[in-house]
Amino acid sequence: MRGRKRAIALLTALGACVSILTGCSGETVEEPIRTSTIVLAADGSFTQCRVEDFDRDDYQLSELDGMIRREVQDYVGEAAGDGQTVTVEQVSSLEENDAQAMVALHFADSEVYKDYRAQVDNQSCELFYGTVQEALEAGYDLAGVLQDAKKGTDLTSEQLAKIGGNRVLIFEENLQIRCPSKVLYISSNVQITDAGYVDGTEGEGLKYVVIK
């Protein structure tokens, strides 16, 4: 983290990992990521794509790449458990703006993400990605906060009892979310964009997204 601070002028947004992704509506669209974004996978893992201002007068992209990879290697080496909990997918400059560098990190699950943010970025955050049943067991209260993503009607207690196996993302940061399947229910502080993504960049408090 100390090395990254020396190489990056200012964190501005998360962005453009790939240009072709599946939107939360289930349709494939060609649209680069231009705002703070997490790309969810069906297995509970996800990729965080982050764009940061990069001072090319003093530092080279290869230096940033090396710093990020050392941070990840140090974290993985110290973290308990087996397997690659965090991997570097990409470190590159943006085609649209070479004054910014894109860092894409893949996280095994939301617990790893929160721990990484705390240990490496020195920043706590609230994010959960698992089944609805796991969220309830973890103490999240989903009653009264979800509504049908298409109709806008409130989710009933009977409906909530039937979706225990569906995955839910609960987050607090200002993010756009790209999903591996159709969004079924959302909280009132997020919206579905025309491209089919979940826009949680303006809402306050915890935000909820349940996918098919």
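Taking the charged nitrogens against the carboxylate oxygens, D74 and R70 have no contact shorter than 4.0 Å, which rules out a salt bridge. A salt bridge links E173 and R117; the closest N-O separation between the charged side-chain nitrogens and carboxylate oxygens is under 4.0 Å.
With a 4.5 Å cut-off on side-chain heavy atoms, I192 and D199 do not count as touching. Residues Y113 and Y129 have side chains not in contact (no heavy-atom distance under 4.5 Å, counting atoms from C-beta outward). The shortest distance between side-chain heavy atoms of T37 and R178 falls below 4.5 Å. No side-chain heavy atom of I163 sits less than 4.5 Å from a side-chain heavy atom of Q159. Residues E126 and L206 are in side-chain contact: their nearest non-hydrogen atoms beyond the backbone lie under 4.5 Å apart. For the pair D109 and S45, the minimum side-chain heavy-atom distance is 4.5 Å or more. Taking the side chain as every heavy atom from C-beta outward, K114 and C125 approach each other to under 4.5 Å. Side chains of F46 and L105 form no contact here, defined as non-hydrogen atoms less than 4.5 Å apart.
Residues L64 and V86 fall within the same hydrophobic cluster, defined by Ile, Leu, Val, Met, Phe, Trp and Tyr side chains chained together at heavy-atom separations under 4.5 Å. One hydrophobic cluster holds both V183 and L175 under the rule that ILVMFWY side chains link at heavy-atom gaps under 4.5 Å.
Interatomic distance, Q133 CD to R167 CZ, rounded to the nearest 0.5 Å: 13.5 Å. To the nearest 0.5 Å, atoms CD1 (I170) and NZ (K207) are separated by 13.0 Å. The OG1 atom of T153 sits 4.5 Å away from the CG atom of D148 when rounded to the nearest 0.5 Å. A distance of 8.5 Å separates CD in E71 from CE in M67, rounded to the nearest 0.5 Å.
Checking H106 against T87 by side-chain atom types alone, no donor-acceptor pair falls below 3.5 Å. Using modelled atom types, one finds no donor on one side chain facing an acceptor on the other under 3.5 Å when comparing Y116 with Q48. Using modelled atom types and a 3.5 Å distance limit, the side chains of E89 and T47 yield a donor-acceptor pair. For the residue pair Y75/D115, the side-chain donor-acceptor check at 3.5 Å is satisfied. Q90 and S92 are linked by a side-chain donor-acceptor pair at a separation below 3.5 angstrom, with hydrogens and angles left out of the test.
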Carefully, step by step, assess V210 and L146 under the rule side-chain contact (heavy atoms from CB on, under 4.5 Å).
CA-CA 9 Å; V210 177; L146 295 172; 3.9 Å; yes
Take V145 and D141, measure what side-chain contact (heavy atoms from CB on, under 4.5 Å) needs, and give me the verdict at the end.
CA-CA 8 Å; V145 300; D141 185 6; over 6 Å; no
Test Q147 against S187 for side-chain contact (heavy atoms from CB on, under 4.5 Å), laying out the working first.
CA-CA 6 Å; Q147 56 187 223; S187 54; over 6 Å; no
Apply side-chain contact (heavy atoms from CB on, under 4.5 Å) to residues V168 and Y140 and explain how you reach the verdict.
CA-CA 11 Å; V168 57; Y140 291 100; over 6 Å; no
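Side-chain N or O atoms of S110 include none that pairs as donor or acceptor with a backbone N or O of F128 at under 3.5 Å. When atom types are taken as modelled, the side chain of D121 and the backbone of Q123 share no donor-acceptor pair closer than 3.5 angstrom.
Closest of all the heavy-atom pairs between N174 and G203 is OD1-O, 3.8 Å. The minimum heavy-atom distance between V190 and G200, with the atom names listed, is CG1-CA, 3.9 Å.
Taking a 6.0 Å sphere around CD of Q191, one finds it holds 12 or fewer heavy atoms contributed by other residues, nucleotides or ligands.
Between I177 and the choices I186, V39, L169, the side chain to side chain contact (heavy atoms under 4.5 Å, CB included) rule is met once, by L169.
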